[in-house]
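Here the structure is laid out as structure tokens; the discussion comes afterwards.
Quantities reported herein were computed from a predicted structural model and do not represent experimental measurements. Worth knowing before you read on, the calculation uses all heavy atoms, side chains too, and leaves out hydrogens, waters and symmetry mates. For ligands, and for the atoms within them, numbers begin at 1 and follow the listed sequence.
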Amino acid sequence: MVLGALGVKMSLREAAKAVRLNAHAPYSQFKVGAAIRSASGAIYVGCNVENVAYPEGTCAEAGAIAAMVAAGETAISEAYVIAGAALPVTPCGGCRQKLAEFGDGAVPVTMATTQGVEQVMTLAELLPGTFSASHMEE
Ligand code: THU
């Protein structure tokens, strides 16, 4: 889903909080929302989508990234992840790698709770020693 069309101004937090409500999390009961601002300034959102075959579930960040790429964009400038927990939810290892595919190390990732606690870390801090295309050069 892309937000920001029709001139609607929405913050990343508002976007992530809103999409979180659509999360399909009947197995963990842990709803997560993610919002990404791309290089163009548009906001793309995603929520976790669980599956009865547990490993087939997808994270909120993956959904937001898929929406961004489907819209023809490939550069993340900022990301926001929110969940209803005491501590800000941190992206899982796989999602850190997925975010790093489209954002450089300086990209700020805000991890938040629905109660308003926020923690900001860069992608480089979240994934030190990121595996990148340069590692495949001979
Ligand atoms: N989850 C996310 O969507 N993003 C994260 O950053 C952490 C975990 C989801 C996956 C699963 O549906 C639920 O949270 C519990 O792990």
Side-chain angles (χ1 to χ4, degrees):
M1 192 196 319
V2 57
L3 299 175
L6 308 171
V8 177
K9 184 90 178 131
M10 210 176 192
S11 72
L12 275 191
R13 178 177 172 81
E14 285 174 296
K17 201 173 170 187
V19 75
R20 175 183 165 273
L21 300 178
N22 294 337
H24 177 71
Y27 308 106
S28 72
Q29 308 295 330
F30 190 67
K31 293 187 166 203
V32 184
I36 287 171
R37 192 182 306 283
S38 68
S40 75
I43 295 176
Y44 299 94
V45 296
C47 55
N48 53 331
V49 181
E50 297 182 349
N51 191 283
V52 64
Y54 295 172
E56 299 304 326
T58 51
C59 287
E61 295 91 328
I65 290 168
M68 178 188 75
V69 174
E73 296 210 59
T74 54
I76 297 173
S77 62
E78 207 182 333
Y80 197 106
V81 188
I82 189 167
L87 295 173
V89 61
T90 75
C92 74
C95 284
R96 293 175 193 211
Q97 185 68 38
K98 289 184 178 79
L99 289 165
E101 179 75 13
F102 302 104
D104 64 34
V107 166
V109 179
T110 303
M111 299 157 278
T113 73
T114 50
Q115 295 303 306
V117 180
E118 290 187 345
Q119 181 187 2
V120 185
M121 290 176 76
T122 64
L123 262 179
E125 288 171 329
L126 285 169
L127 191 61
T130 308
F131 174 69
S132 67
S134 62
H135 291 104
M136 295 194 292
E137 288 166 12
E138 287 191 29

_Tell me whether P91 reaches ligand 1 (any heavy atom closer than 4.0 angstrom to a ligand atom)._
yes
*Can you sort out which atoms of ligand 1 are near C59, meaning under 4.0 Å from one of its heavy atoms?*
1 (N), 2 (C), 3 (O), 4 (N), 10 (C)
*When you measure from atom 7 (C) of ligand 1 to each heavy atom in T58, L99, N48, V89, which option holds the nearest one?*
V89
_Please tell me whether V69 and V109 are part of a single hydrophobic cluster in this structure, the criterion being side-chain heavy atoms less than 4.5 Å apart._
yes
*Same hydrophobic cluster for Y80 and L127, using side-chain heavy-atom links shorter than 4.5 Å among ILVMFWY?*
no
*Is_contact(atom 16 (O) of ligand 1), protein non-hydrogen, under 4.0 Å*: no
_Whether H135 and F131 hold their rings parallel, tilted or perpendicular, with breakpoints at 30° and 60°_ = parallel
*Without swapping roles, check the side chain of N48 against the backbone of T58 for a donor-acceptor pair under 3.5 Å.*
no
*Using the rule that two of Ile, Leu, Val, Met, Phe, Trp, Tyr join whenever any of their side-chain heavy atoms come within less than 4.5 Å, decide whether Y27 and V89 are in one cluster.*
no
_Atoms in ligand 1 with a heavy atom of S28 nearer than 4.0 Å_ = 13 (C), 15 (C)
*Would one find an N or O of A60, backbone or side chain, under 3.5 Å from an N or O of ligand 1?*
yes
*Honestly curious: do M121 and I76 fall in one hydrophobic cluster under the side-chain, below-4.5 Å linking rule?*
yes
*Could you list the atoms of ligand 1 found under 4.0 angstrom from a heavy atom of E61?*
2 (C), 3 (O), 4 (N), 5 (C), 6 (O)
